[in-house]
Each structure stands twice: as C-alpha cells, then as structure tokens.
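Heads up: the structure comes next, in structure tokens.
Note that the structure is predicted; figures quoted are calculated from it, not measured. Letters A, B, ... are given to chains in the order of the sequence lines, protein chains preceding strands, and every chain is numbered from 1.
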Amino acid sequence: MRADRYNFAAAEPKWQQTWEQNQVFTTGSREDRQKYYVLEMFPYPSGRIHMGHVRNYSMGDVIARFMRAKGYDVLHPMGWDAFGLPAENAAMQGKKHPAEWTYANIATMRGQLKALGLSLDWSREIATCDPAYYKHQQKLFLDFLRAGVVDRKQSKVNWDPVDQTVLANEQVIDGRGWRSGALVEQRDLTQWFLRITKYSDELLSGLDSLDRWPEKVRLMQRNWIGRSEGLLARFALDTPVGEAREIEVFTTRPDTLFGAKFVALAPDHPLSHKVAEKDPLLAAFIEECHKGGTSTADIETAEKKGYDTGLTVAHPFDPEWRLPVYVANFILMDYGTGAIFGCPAHDQRDLDFARKYHLGATPVVCPEGVDPGTLVIGDEAFDGEGRLVNSRFLDGMTIAEAKEEVARRLETTDLFGRPQGARKVNYKLRDWGVSRQRYWGCPIPIIHCESCGPVPVPDADLPVTLPEDVSFDQPGNPLDRHPSWKHVACPCCGKPARRETDTMDTFVDSSWYYARFTDPKNTAEPASHAALSRWLPVDQYIGGIEHAILHLLYSRFFARAMRDSGHGDVSEPFAGLFTQGMVVHETYRAADGAWVSPAEIRIEGGEGGRRAYLLSDGTEVAIGSIEKMSKSKKNTVDPDDIVATYGADTARLFVLSDSPPDRDVIWSDEGAQGAWRFVQRLWRITGELGRVAAPGGAAAPAEFGPAALDLRKATHRTVAAVSENIERLRFNSAIARIREFVNELTSALDAVTETPVNADLAFAFREAAEALIRLVAPMTPHVAEECWADLGCAGLVATAPWPVADPALVAQDLITLPVQVNGKKRAEILVAHDADEASVRAEALKQEAVQRAMEGKPLKKFILVPKRIVNVVV
RNA sequence: GCGGACGUGGCGAAAUUGGUAGACGCAAGGGACUUAAAAUCCCUCGGCCUUGGCCAUGCGGGUUCGAGUCCCGCCGUCCGCACCA
C-alpha cells in the first residue's frame, strides 16, 4: 500500500545506508572514464555545521551527482581543517585537550553531514591534525627547504597580543588580527618564511589562464600581488652620514624627475635612525610616527607630516641642484626602498606635503592642447597624460618616452662606481611568515643545534608529533614550556640540541589538502605522481568569497612549490572556482534590545504586514534587518532542526532554489515550507504518473498521437534546459524548470479522462516520470530514490545515467512569433518554425491589430528574426 | 580616495546574452473539499483608464526597426584595497 505522504524520516536513513552499502560514491572504480574532481572548501570542526555549510555542500553535491550520472569518474571527498586556535581556547576554558575537543567535533559534524545525504567518498576522509596527514606536510616543508622555497630570517612581524602569535600580512585586516580583532603590534622575531614572492610573476600571469574563476577574485589577487614597474634611482648625499653616501629611491614616475622638490625617508629607514642618533627632535618625531594607529580611520585622517633632516642630496641630472631630505610619516618602509623623491605637481600626497612645507610645485607634464605657460597647479596634482615640459632634454616627449629616456640615462651614468639607476619591478606581495607560537598546529620539523645551526629532521624521523601531555593554564606556547619535548640530539653532530617549538600557520594545512585527497592513504609521500596527474586540477572548487586572497593564493603558490620540489606537475590547483553567497536571516530584537532567535518567536502575517511575537509570553519583538547568520545576533537556524522537521531534501532544495548561487539566500520558514511542499508534491505526482505510465522498459510505440507528442516535447525540453542550467551552476533556474515541468505534468494528468490510457501516452508518461526523477535526484536524492523505487525502476537513481534530450523533440515545429509595429508588440502569429519570410510577412500583415496599428501607412521595412520576432516598420 | 559589482512587482528572482519584461517560487486575497482544522486543489495578483489601450526594469540622455541588456552622465546600495611612491 502506497503511503499518501512521503515519510522522509524513514526514507532518508534507509537510502543513505543503501548508498553506503553499495559503495555508490566510492571513487576510483571507473578508471576507464574521464575524471571529474569536485571539491568544496573543507570545514573547520568548530562544533556543529551551519546553514552556510549546507548550501556549500549541497551545491557541490548537485555537481557531483550530475557528473556521475553523465558518466564521469567523480572524486568528491570531505575532510577537516582541524588545527587552529579555537581548540586551544577551548582547552584553556574547558580543560579538554585540543585533540579530544577536535575529534569530538569532527564526530558530531560528520554525523550531521551524513544526514544530508551528500554523495561523498568517505573512505578518503582526512583531518589535518592527524599525524598521517601532517607527516607529509613536514616532508613538503623540508622538500621546499631543499628547493629554496623556505627561508629563515629576522623580520618585523605582526604580533597579535590577544592570540599571542604572529600573523601574516594577509591575516591583518585594518591593523587588527583577523581572528582576535586585537590591534596588531610590530615585533622583531626570527621566523620561517615560505618564499611566495619567488612566484610573484607566475602567480600574476597564471591568473590570465583561470577563465573559470570569477573575475572579481582574479582582480583581488592581481591587486594583492601589486606589480608595478619602475626605476631605482640613487641620490648622492652632500654630506655622508656615517657609512651612508647616498639615498636610493623607487619610483614609477621617473619621467617627473625634473619636477622633484624633495626626497623623503620612511621613519624606520636606517638613515632616519642614523640621523636620529644625533638629533633628539627627529628621534621624537619618529617615536610619534610609531604611535599613529593603522586603522582605516586613522590613515584617512592622518595629516602628512615631515621632519626636515637638514640633509641635502644632489639631483641625478644636475649636481648643482639641491633637494632637501625629509623624514615623512606617509612613507612605508616595507615598500620599494622606504624612500622616495617627491614631485608635488603630479602626485597628490607629494603636493599635500609640499604645500605644508612650502616646497613649491613645478609642473613637468602638460596635457595635450594646453599652453604650458598657463599651467598652474592648484590643490590637485595632475596625474593624466601629456607631454613633458620644464624638463630640459625630456621636453616634448610623452610620459612613456620620458620614462624610457630617464631609465636609459641613469643606467649609464655612474655614481660611486655603480650605475645611478636600475629598472625594477616591485610587488606588494610579501613572503609568507608561517611560524606560529601555538601548540595545536603542525610542528616545524627543524632541530636547532649550536654548532650546526638549524638542521632538518631526517625523513626517517617524520612525523614530528605533538606531545600530548601539555598544559594550557598559562599564556604562551605550551610546546616551549614542555619539560622534555624540545630536548633532542642534533641529527648532524649528536650533541644536545633543541627542537623548533613553533608550529605552522594553519593556512599551510589547507594549502595542499586538495592534493592529499587524490591519494589519502599513501604513507610514503604526500600523493603519488600518478594520483596527482589523474585527478588534478580540481575541476570545480566551491567556497566562500572570504577566501579570495588568503587560501586561494596560498594554494596556488603551494601547487607550484610542490611542482618544483618533485610533487606532481600541476601549477594551477583549481581550474574552476565558484564563490557562493551566504545564508542570511532576519534579526529579531526584544524591547530591551536583546537579540531573539527565530526559534523563540512566531510570525503573524496579514495585510498590515508581518509581526513577530515571543512564544514564551506573546510580547511583540521588532523585526530587524536581514544579516549573515551569526551567533551574536542569534539569527541562526540549526540544520539539525531543519533536517528533523522537514528532512534533508527540503533543506537542500531550499538553499539551492531561492536565489542564484553566487548571491545571498534569505532563509525563511515560509521558504522552507515551500520546499517541503514541493518534495511532497514530487511523491504525489509520481504516484499519479505511476498509475497511467507504461511499465518500466516498455518499448516505444511506432507512432505518437498529439497528446503523447506534446508530453514528450515537454519532457525533452525540460531535460535540455535543466542540464544546461546545472552545467552553468544556475541551480535556482534548474529547479524553476523542474517545477514548471511538474505543473505541465499536472495538466497532462488532468487531461486524462479514461484509464488505461493509450500505449503511446502511457509510454510518454513513463518517460516523463523517469526523467523527472532523474532530474531532481541531484538536488533531492532521497525522495528521488523513493520515487524511483515506487515507479518500479531498476537499480538506484544514484547510479542511473542522466537523461538525454532528443534534439528532434526539443525543436518546435510550430512557433508563436510576436509581431511588432514600430517596436511595439501588436499581435502574435503561429507559424511553422521553418516558414519562409514571404509567408510570415503575409501572415503578420493579415492581422487586424497590425493593420490597425499601421494606420494605413505604407510598409517601410519588414524585419524577421527567425524564431524570435517580427517587426513591421511604417 | 582607487578598483569592482549591482539596481526589475509587496518579497526572492527569471528573461535563450539586443528580440513577447515579470518564468518559477514566497507572501497576500477569493473559492472548493471538510462538522472543523491540517493537507490538497482551483482562481486573482506591476500600475492606470471603459472592451482595447496607455505607462512601467533607479534617474536623464543616446545608439538601434527594436534596449532590463550596449554607450554617456547622474543617484543609490554592496564588496574589495588602502598613504604602494
């Protein structure tokens, strides 16, 4: 007896078990087929999954199931980005070991993901905190070291005083730590660096080949790498300061050299410090510069300030021409050389500075068509195109010509035995400092020996595992405090030595996990060459836009560093990238301003608008703005609750259907109920279709009547449209087409007056029913299996091939053409799809409405866009 | 400040990429079934007038037989970067 309602609570676990038992989603059994690697950004095991995960993994799952049905050998794995600070924070508060906390979270979240029915190959599951994983990361680190991609150097680092660790530049946002939000301090520390800058040019030019990446992400990376071409130029000091006889500046505008009015140094420039030793006022000025905040607001409002050192330098093209040397607060030590020459007429910052210290502004570039004599610089510097003026031998040249000429001359003139200038390409990208003073991360496999220096841990001794007996009762690094862990013998000389106690930035863990998934059980190496060549690059990667720079740039770098140290030959790890939107929700606030969660309220609708009331005592709460789901605003919806109430299919369908995937989707209970209704409707219509459909496998009749033909056309058009929409990742449109098809099927069923129906119609219903189930299966796989079985179809829909649209049935033979008169639609005509222009024209002009709109005027022009539109111009 | 994206009914959106604007859904209103409710089904649903029209894709221009789509100028919202020489 067929149930009236689809019972998801029974069906979902049943099908999940069936898939698992039959190993439907295990990869690698179809080596003869073309591969497809679909990957979603793996989660941090924070405790529970959230709706963002549901959306992310539902999208990946649609693609995985679709490509599997299309006959590809699909790799769709899942793992855990399992190292990180929250585990240590939890350890400090809850006295639970980070490993225990992390693995408990993984167990919970794995269960939650499994309840969603994702077609994942769980046999490839990895966790980055597993020694079996980080062993290979340590190996990679040492291979990188040998390949010259690892560096150890002292540098100014961003120190997060709350998390008590170092942050990479990419992890500092508006001068604050990306995780703690604390104001970052500058400290001098010796650090391990990954030399990402070695690949600056390659990472930049590689972006051009990533045509399946969002333009936005490519642009962000381009800007982050920040390539600029310029010139290093050396200015001789009139009076040497100690050893220093010159100042070297970097400029992208060497053409404006004759407009120079001053030279300025960064407060932390070595020369600034040198002069400050004998000039207490300068020392005080530098001190003041350090105080200035680095937040957005501070920088915007910061006044350009300088200190005249009293030093002067000679102009490179005129030894008699003196320029004053300032120390200025707006010069950055870590870009270029930390020194500039200022050309106020053509640079706004230089102009602001020059106005303040009365240094003048001589224009040297004059826009085309302007009389140089009338050229005056007001409050705005001129940075447009033009020709050189007031510039001696450069006069009359274009900017490009002048740049070239200045570079050529300075390269061939001598200063203190070296060319005075040199062309230089500069980047904003910095090397990636990976040392972190934390416990819960991958140990850096190095041993420090007093006589041998830093020595790599021999491969045979890998992995260097974390000690388990550590305490978190005081700040700082537990590894450093551990009584015995760091004391080891030097692998070189055998003398007592000390382990590196820093661990790696957790972004290292996620920079190569996609490669590990290709060969997750390999104990000898990170992944075999064969596995890497078979599976990389990832064909479709899906995740949040928040990783546009950090994770995606690091991964692109890692692929190249792996390539250059003998691990595979892939440069770009992700051929296709899709950045999905967030799941957002309304916020609710009680009268006292406290946030209220959606679970605590009920909504009442009506023509007066929606109002929200507390369930507990019925008092009204204010409906606030729609925001990203967050614990602090309590506007979260727990996926577990949704799965328990509506089932996984409903949750999946809703996050896919309401908005385009790259835009935010607004979670609402009404929307979820809409998805729920559709899941039930699928079950109901399958039952109705089953009653009129031919048995599975029935042969096609020789001829089809009009009703059967119409139905078949609807089916094949839907198949074509849904396939295209999924291919283009437009899941919302795919679902809309399926819903439309269900509406069409309902009408077709209504038209059935007597049963059994004719064989041709029965066949068409069978075809429609099976197509419908296969089309919805990627989105709502459980109800699809249930319907598939209900229709008596063989096997599982999860392993059924994707339906193929017959082009003959997709094409229309009769088409409705709108007829416009002077661009306004006046009528519609029904014509054969291949009707010639003359007959279409005759038919169009025959229309009464067309004649009326023509008002008896003669036809000027007749436009026919085949299969689109007719336009009559009078 | 620089760079980018976007702006369509009450709401989320669609529009074959220059060719019937509003598919599909949510909300709302009306009706059927029911003792009642739930569920389900049917109808209406951009605005304005009298059938038939007119006006409508942020605003103002332009190109075109034809513009939501292309171009120019505004307005607004969101995102990224940020004293980068």
Side-chain angles (χ1 to χ4, degrees), chain A residues 4-5 173-174 214-217 219-220 222-224 226-228 230-231 249-253 256 264 266 292 294 296 298-300 302 304 328-332 334-343 347-350 352-353 426-428 545-546 548-549 603 605-607 609-610 626 654 657-660 662-666 668-675 677-678 680-681 684 721 724 730 732-743 746 750 816-828 849 852-853 860-874:
Chain A
D4 286 347
R5 300 198 113 201
I173 295 150
D174 290 342
E215 187 50 42
K216 180 189 169 109
V217 174
L219 192 73
M220 282 165 73
R222 225 169 256 136
N223 291 339
W224 189 266
R227 182 181 198 274
S228 57
L231 188 74
V249 306
F250 175 72
T251 178
T252 56
R253 291 298 300 274
T256 64
T294 49
T296 311
D298 289 340
I299 289 169
E300 262 176 12
K304 307 267 174 293
N329 65 344
F330 66 96
I331 310 300
L332 306 172
D334 60 1
Y335 186 79
T337 60
I340 62 145
F341 80 78
C343 174
D347 182 288
Q348 193 59 47
R349 286 160 314 167
D350 295 350
D352 294 346
F353 189 78
N426 225 322
Y427 298 90
K428 283 197 259 182
I545 186 77
E546 66 273 19
I549 297 172
I603 303 272
E607 275 178 293
R610 298 165 68 251
I626 294 169
F654 181 53
S657 62
D658 231 35
S659 289
D662 51 347
R663 246 182 269 181
D664 292 349
V665 63
I666 305 168
S668 68
D669 204 47
E670 295 91 335
Q673 282 174 31
R677 280 197 292 270
F678 186 67
Q680 290 296 341
R681 194 172 172 200
R684 247 180 294 117
E724 199 201 324
R730 293 152 52 137
N732 57 324
S733 295
I735 291 165
R737 291 308 297 256
I738 292 170
R739 297 183 105 125
E740 206 177 340
F741 184 43
V742 171
N743 290 341
T746 305
D750 284 348
T816 308
L817 279 186
V819 181
Q820 297 181 335
V821 178
N822 289 338
K824 279 190 191 288
K825 186 186 146 196
R826 298 296 173 184
E828 282 181 353
R852 194 166 49 227
K860 264 196 221 147
K861 199 168 169 189
F862 182 84
I863 294 161
L864 169 64
V865 184
K867 295 178 191 181
R868 286 271 180 276
I869 204 163
V870 172
N871 198 2
V872 175
V873 187
V874 291

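Heavy atoms of A/Asn732 sit under 4.0 angstrom from primed sugar atoms or phosphate atoms, though from no base atom. No contact: A/Arg222 has no heavy atom under 4.0 Å from any strand. Base engagement by A/Ile331 is indicated by at least one non-hydrogen atom pair under 4.0 Å involving a base atom. At the heavy-atom level, A/Glu828 lies under 4.0 Å from base atoms of the strands shown.
For B/A23, there is no paired base (Watson-Crick or G-U wobble, both distances below 3.5 Å).
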Please produce a list of atom pairs where a protein N or O lies less than 3.5 Å from an N or O of nucleotides 35-37 of chain B.
none

Enumerate all atom pairs, one protein N or O and one N or O from nucleotides 39-43 of chain B, separated by less than 3.5 Å.
residue	atom	partner	partner atom	Å
B/U40	O3'	A/Arg684	NH1	3.2

Show each protein N/O and nucleotides 15-19 of chain B N/O combination with a separation under 3.5 Å, one pair to a line.
residue	atom	partner	partner atom	Å
B/A15	OP1	A/Arg730	NH2	2.0
B/U16	O2	A/Arg868	NH2	3.4
B/U16	N3	A/Arg868	NH1	3.4
B/U17	O4	A/Arg728	NH2	2.8
B/G19	N2	A/Gln820	OE1	3.4

Open item on the list: A/Val870 vs A/Gln820, test: side-chain contact (heavy atoms from CB on, under 4.5 Å). Steps then yes/no.
Closed with: CA-CA 6 Å; A/Val870 172; A/Gln820 297 181 335; over 6 Å; no
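In the set B/A14, B/C65, B/G3, B/G3 carries the atom at the smallest distance from any side-chain atom of A/Leu219.
A salt bridge between A/Glu724 and A/Arg737 is absent, with no side-chain N of the basic residue lying under 4.0 Å from a carboxylate O of the acidic one.
Here, B/C48 and B/A56 have their C1' atoms 11 Å apart, quoted to the whole Å.
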